[in-house]
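Read the structure below first, then the notes.
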Amino acid sequence: MRTQVAIIGSGPSGLLLSALLDQIGVDTVVIDRVDRDYILGRIRAGVLESGMTALLDQAGVGARMHREGLVHDGFELSFGGRLCRIDLKALTGKNVMVYGQTELTRDLMDDREARGGKTIYNAKNVTPHDFDGAKPCVTYELDGVEHRLDCDFIAGCDGYHGASRAAVEDKGLRHYEKIYPFGWLGVLADVPPAHDELIYANHKRGFALCSQRSKVRSRYYVQVPLDDKVEVWSDDAFWDELRRRLPDDVAEKVTTGPSIEKSIAPLRSYVAEPLRFGRMFLVGDAGHIVPPTGAKGLNLAASDVHYLFEGLRDFYADGAMSGVDAYSGRALARIWKAERFSWFMTTLLHRFPTSGEFDLRIQEAELDYIATSETARRSIAENYIGLPY
Ligand code: RFL
Ligand code: PHB
């Protein structure tokens, strides 16, 4: 089989890239190691920057997001029993869209199916080859039979544990990593959100986040020790802990109910450099991870896709390689700034087991500075709504 761009990974990066390339008539095949239902069962991001919503519109898949997504003009920081609003709209003129990654992925998958795009699910041993030369290919197994997909380029959109980055480990790949000594326990429940905007809470018992998916579906998180097991957290224990970490008037408004998903995610900062190896590119979580505190992971995947799409578009227009050559440098410049912001928000809002009195006072001073300085709030707002592409 032959295609122009072989895309490994049917997550948001792979699907968005395929939708954009489809718009300009470039053929793609998407290969994933699991199936559609498994991918749609993963509950992840919820906040989209306007750069990403514009890209979804460009790809022709933004209609349901505009109908059902919630536009948020601000969010709250909670500390010392009070709320401090970051007024995104007043500080930057922009806002964010609250729309779940699951729904966005479903829209991209439905669009691809409607356009007759080829996706291979449940592919095993997916392996990129020969990307140093002009004729790369991807091999994979389906029901025990090996297949080969010839292509011009390979987009490695297969997440943190994928095959693409593994294939370049011995080709001069550099790693930059920071592991945080805690995780996030997340609960999804069909209950109305406690507040109309997101609340990021710094509390002496640990961080908490009130997020949402709709007017009737809430997503909440609490910081937990890394060795906590999800099985030890009953729904009641979760709701009690969440309420303890919120100001009293917000805690009173938390509507509880049975969880429809509950999981623990570790927090990590990670960047791979470079993101291009000949005719293969690392895109999204395959090339970098941020702790979710800044709501940047999915949005960074989108900006990577934007830069790569521009490079491939130019190549297919007139054979120019300059955009493809620029991909890694352009993407990394934005990635590092989002890494910085995500690290900053994580450090500002979590309790670190190693923190002493001095560190706590610095955290309090930083929060007080944010509460009293419009300049500090504007800097947070500018990063939260997303730096320009
Ligand atoms: P994905 O979504 O991991 O998709 C990768 C796809 O590749 C497939 N795959 C393979 N296929 C073939 N062969 C292999 N060997 C393969 N290995 C893997 C996988 O099955 C999968 O389908 O990566 P992608 O597309 O780069 O998208 C990245 C985003 O998913 C991620 O950055 C965000 O979810 C991060 N994130 C958030 N980002 C935001 O922008 N805003 C948020 O509010 C936000 N909240 C979050 C988050 C991530 C979280 N978790 C669970 C880590 C909240 C949480 C809790
Ligand atoms: C979410 O709704 O899952 C979510 C929102 C904001 C974040 C992280 C996760 O910063």
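Every number for a ligand or one of its atoms is a count from 1 in the order of the listing. This chain uses plain numbering: 1 for the first residue, then up along the sequence.
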Ligand 1 contact on Val34 by region, counting heavy-atom pairs under 4.0 Å: side chain
Proximity of Ala295 to ligand 2 by residue part, where a heavy atom lies under 4.0 Å: both
Check ion pair Arg361-Asp359 (N to O, under 4.0 angstrom): no
Nitrogen or oxygen of Ser211 less than 3.5 angstrom from that of ligand 2: yes
Cation over ring face, Arg330 and Tyr389, 6.0 Å, 45°: no
Which segment of Val98 sits under 4.0 Å of ligand 2 when only heavy atoms are counted: neither
Aromatic ring proximity His175/Tyr270, centre distance under 6.0 Å: yes
Distance filter under 4.0 Å to Leu198 heavy atoms, resulting ligand 2 atoms: 5 (C), 6 (C)
Atoms of ligand 2, numbered as shown, that sit under 4.0 Å from any heavy atom of Val47: 5 (C), 6 (C)
Heavy-atom check, side chain of His306 versus side chain of Leu16, under 4.5 Å: no
Heavy-atom closest pair, residues Cys151 and Gln4: CB-O, 3.7 Å
Under-4.0 Å salt bridge between Arg115 and Asp111: yes
Ligand 2 contacted by Trp184 (non-hydrogen, < 4.0 Å): yes
Proximity to ligand 1 by part of Asp285, non-hydrogen separation under 4.0 Å: both
ring-ring contact (aromatic ring centres under 6.0 Å, His included) evaluation trace for Phe153 with Phe315: CA-CA 11 Å; Phe153 295 100; Phe315 174 83; 4.9 Å; yes
Basic-acidic side-chain contact under 4.0 Å: Arg276, Asp325: yes
For ligand 1, the portion of Ser211 having any non-hydrogen atom under 4.0 Å away: neither
Protein heavy atom at shortest distance from atom 21 (C) of ligand 1: Arg42 NH2, 3.0 Å
ILVMFWY clustering at 4.5 Å (side-chain atoms), partners of Val187: Leu83, Leu185, Val191, Ile199, Tyr220, Val222, Val224, Val230, Val232, Trp233, Phe238, Trp239, Leu242, Leu246, Val250, Val254, Ile264
Within 45° cone of Tyr384 ring axis and under 6.0 Å: Lys296 NZ or CZ: yes
Residue part near ligand 1, for Lys296, under 4.0 Å between non-hydrogen atoms: backbone
Heteroatom proximity flag, Arg213 to ligand 2, N/O under 3.5 Å: yes
Lys/Arg N to Asp/Glu carboxylate O, Glu103 vs Arg213, below 4.0 Å: no
Element-labelled atoms of ligand 2 that are located less than 4.0 Å from some non-hydrogen atom of Tyr200: 6 (C), 7 (C), 10 (O)
N or O contact, Ala295 vs ligand 1, cut-off under 3.5 Å: yes
Shortest reach to atom 9 (C) of ligand 2 by a heavy atom, considering only Tyr221, Tyr384, Phe75: Tyr221
Under-4.0 Å heavy-atom contact with ligand 1, by part of Leu48 that carries it: neither
Region of Ile43 engaging ligand 2 - heavy atom pairs below 4.0 Å: neither
Residue Thr293 vicinity, atoms of ligand 2 by number, heavy atom under 4.0 Å: 10 (O)
Close approach of Arg44 to ligand 2, heavy atoms, under 4.0 angstrom: yes
Met345 to ligand 2, any heavy atom closer than 4.0 Å: no
Nearest protein heavy atom with distance in Å, relative to atom 8 (C) of ligand 2: Pro292 O, 3.4 Å
Main-chain N/O of Ser342 paired to Thr346 side chain as donor or acceptor, under 3.5 Å: yes
Minimum-distance protein heavy atom relative to atom 7 (O) of ligand 1: Asp158 CA, 3.2 Å
Region of Val126 that comes within reach of ligand 1 [heavy atoms, distance under 4.0 Å]: side chain
Closest protein heavy atom to atom 52 (C) of ligand 1, given as residue, atom name and distance to 0.1 Å: Ala265 CB, 4.4 Å
Centroid-centroid distance, Tyr121 to Tyr38, less than 6.0 Å: no
Region of Tyr221 engaging ligand 1 - heavy atom pairs below 4.0 Å: side chain
Residues Asp196, Lys215: salt bridge by 4.0 Å N-O rule: no
